[in-house]
There are 2 protein chains.
Amino acid sequence: MTDAILILRQCGIQPTPQRIAVVECVLNGNGHPTADDVLISARKTCPTVSRATVYNTLNLLVEKGLIGMQTIREGAVVFDPNVEKHHHFIDDDTGDIYDIPWDQLDVKGKDKLKDFEILEFQVIMRGRRKKR
Amino acid sequence: MTDAILILRQCGIQPTPQRIAVVECVLNGNGHPTADDVLISARKTCPTVSRATVYNTLNLLVEKGLIGMQTIREGAVVFDPNVEKHHHFIDDDTGDIYDIPWDQLDVKGKDKLKDFEILEFQVIMRGRRKKR
DNA sequence: GTATCGATTTAGACAATGTCAAGATCGGAG
DNA sequence: CTCCGATCTTGACATTGTCTAAATCGATAC
């Protein structure tokens, strides 16, 4: 269980019940929720929270570097509690998104791209998760 | 100038003025248009074309493998006349999307991902295009 | 206790993206 | 010409995301 209040304070954000609910949903939830996923699950602990507050809070958290934001799914941005560099695998059947540790893959040849200043990059893979 | 009629026939799609306009906009246009970009530019040659037809046609073309579809920009899917495997670079300042040839980059380590069956992958880079 | 002030939240309006259904339209076969 | 199937258009609808005005909350001052 993460201490949402502490985390918010460390980022210079006033903790409120609504913001605490949002932080807990993203950080303790599993996976890569959309804003709407967060809204629904935040309402379980804070039933009156509004859509605008969820969006505002998520954007605030992204701005402060507390969570990531990925545009890898059709229709809606997803938020990512993992702020370390990592790659992504998307299961085409289920839509589930999995993190792939950064050091599992090595991308060679970026230095050949003379015309581009690469500030960040990631590998995005699609396919099926094997059932073990 | 691509022969849109021929291309459509080869895919088993009835050529119509609307579909021809859509195909020409995507294939002859530069870059990675959104559906709305295509709608606007298709209306220059076929002023009555409707939004639904543009969406239907684009989805049809994707289904037939004539164009690609990428979810790399926030807010809207982009379509891609380049159906060869390739990577993408996104200019954070302008939002422009550039194709990076497949053989410029080499991704090592995919075979280590035992739990995933990778059907396709690409490297997505963000940053700034250098002015020469 | 109460008034006040700033920050936060809410509700609803709004724009954009994308899908869908119903009716209109088009083109070819008989 | 008529009919029929395919295609197109229009408008409704759901969803995502942003914005604004009004309500609410909390802390401080009196």
Side-chain angles (χ1 to χ4, degrees), chain A residues 4-5 7-9 11-26 32-64 67-80 95 97, chain B residues 4-5 7-9 11-26 32-64 67-80 95 97:
Chain A
I5 298 179
I7 290 174
L8 284 168
R9 286 228 181 84
C11 290
I13 303 175
Q14 276 283 342
T16 66
Q18 292 87 345
R19 287 171 175 169
I20 292 166
V22 169
V23 168
E24 281 175 348
C25 288
V26 181
H32 300 73
T34 64
D36 213 58
D37 293 335
V38 174
L39 176 60
I40 290 169
S41 88
R43 279 193 169 151
K44 287 176 190 162
T45 61
C46 188
T48 67
V49 69
S50 70
R51 212 152 56 95
T53 297
V54 169
Y55 276 96
N56 286 340
T57 303
L58 286 170
N59 289 338
L60 207 52
L61 297 175
V62 170
E63 207 177 292
K64 298 290 184 181
I67 63 177
M69 185 173 151
Q70 303 283 341
T71 58
I72 53 185
R73 238 187 50 180
E74 210 173 319
V77 162
V78 302
F79 296 88
D80 195 340
I97 299 170
Chain B
I5 297 180
I7 290 174
L8 285 167
R9 286 228 182 86
C11 290
I13 303 175
Q14 276 283 342
T16 67
Q18 293 86 347
R19 287 171 176 169
I20 292 166
V22 169
V23 169
E24 282 176 346
C25 288
V26 180
H32 300 73
T34 64
D36 214 58
D37 292 336
V38 174
L39 176 60
I40 290 170
S41 88
R43 280 193 168 152
K44 286 177 190 162
T45 62
C46 188
T48 67
V49 70
S50 72
R51 212 153 57 96
T53 296
V54 169
Y55 275 95
N56 286 341
T57 303
L58 287 171
N59 289 338
L60 207 51
L61 297 176
V62 170
E63 207 176 293
K64 298 289 184 181
I67 62 176
M69 185 174 152
Q70 303 284 341
T71 59
I72 52 186
R73 237 185 52 179
E74 209 173 320
V77 162
V78 302
F79 296 88
D80 195 340
I97 299 171

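Just so we're on the same page: letters track the sequence lines, and every chain starts at 1. What you see is a predicted model, and the numbers here were worked out from it, not measured in a lab.
Residue A/Leu8 contributes atom CG, which lies 18 Å from atom P of C/dA7 at whole-angstrom precision. The distance between atom CD of B/Gln14 and atom C1' of D/dC4, rounded to the nearest whole Å, is 15 Å. Separating the CZ atom of A/Arg19 from the P atom of D/dG26 is a distance of 13 Å, rounded to the nearest angstrom.
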Would you tabulate the pairs of protein nitrogen or oxygen atoms and nucleotide nitrogen or oxygen atoms of nucleotides 15-20 of chain D closer than 3.5 angstrom?
from   : atom 1 : to      : atom 2 : distance (Å)
D/dG17 : OP1    : A/Val77 : N      : 2.9
D/dG17 : OP2    : A/Tyr55 : OH     : 3.2
D/dG17 : N7     : A/Arg51 : NH1    : 2.8
D/dG17 : O6     : A/Arg51 : NH2    : 3.0
D/dT18 : OP2    : A/Asn59 : ND2    : 3.4

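Nucleic acid contact for B/Thr16: sugar-phosphate only, since backbone atoms but no base atoms lie under 4.0 Å from a heavy atom of the residue.
Proximity of B/Thr53 to the phosphate of D/dT9: a side-chain N or O atom is located under 4.0 Å from OP1 or OP2.
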Scan the side chains in residues 42-50 of chain A for donor-acceptor partners under 3.5 Å anywhere in the protein, sequence neighbours excluded, and list what turns up.
from    : atom 1 : to      : atom 2 : distance (Å)
A/Arg43 : NE     : A/Val49 : O      : 2.8
A/Arg43 : NH2    : A/Val49 : O      : 2.9
A/Thr45 : OG1    : A/Ala42 : O      : 3.3
A/Ser50 : OG     : A/Thr53 : N      : 3.3
A/Ser50 : OG     : A/Thr53 : OG1    : 3.2

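Within the 3.5 Å criterion, the main-chain N or O of A/Gln14 finds a donor-acceptor partner in the side chain of A/Arg19.
Contact check of residues 40-49 of chain B against DNA chain C (heavy atom, cut-off under 4.0 Å) returns no residues at all.
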Stepwise side chain to side chain contact (heavy atoms under 4.5 Å, CB included) check, B/Val54 with B/Leu58: CA-CA 6 Å; B/Val54 169; B/Leu58 287 171; 3.7 Å; yes

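Checked options A/Val38, A/Ile40, A/Leu39; the residue passing with A/Cys25 is A/Val38 (criterion: side chain to side chain contact (heavy atoms under 4.5 Å, CB included)).
Here the closest non-hydrogen pair linking B/Arg73 and B/Gly95 is CD-O, 4.0 Å.
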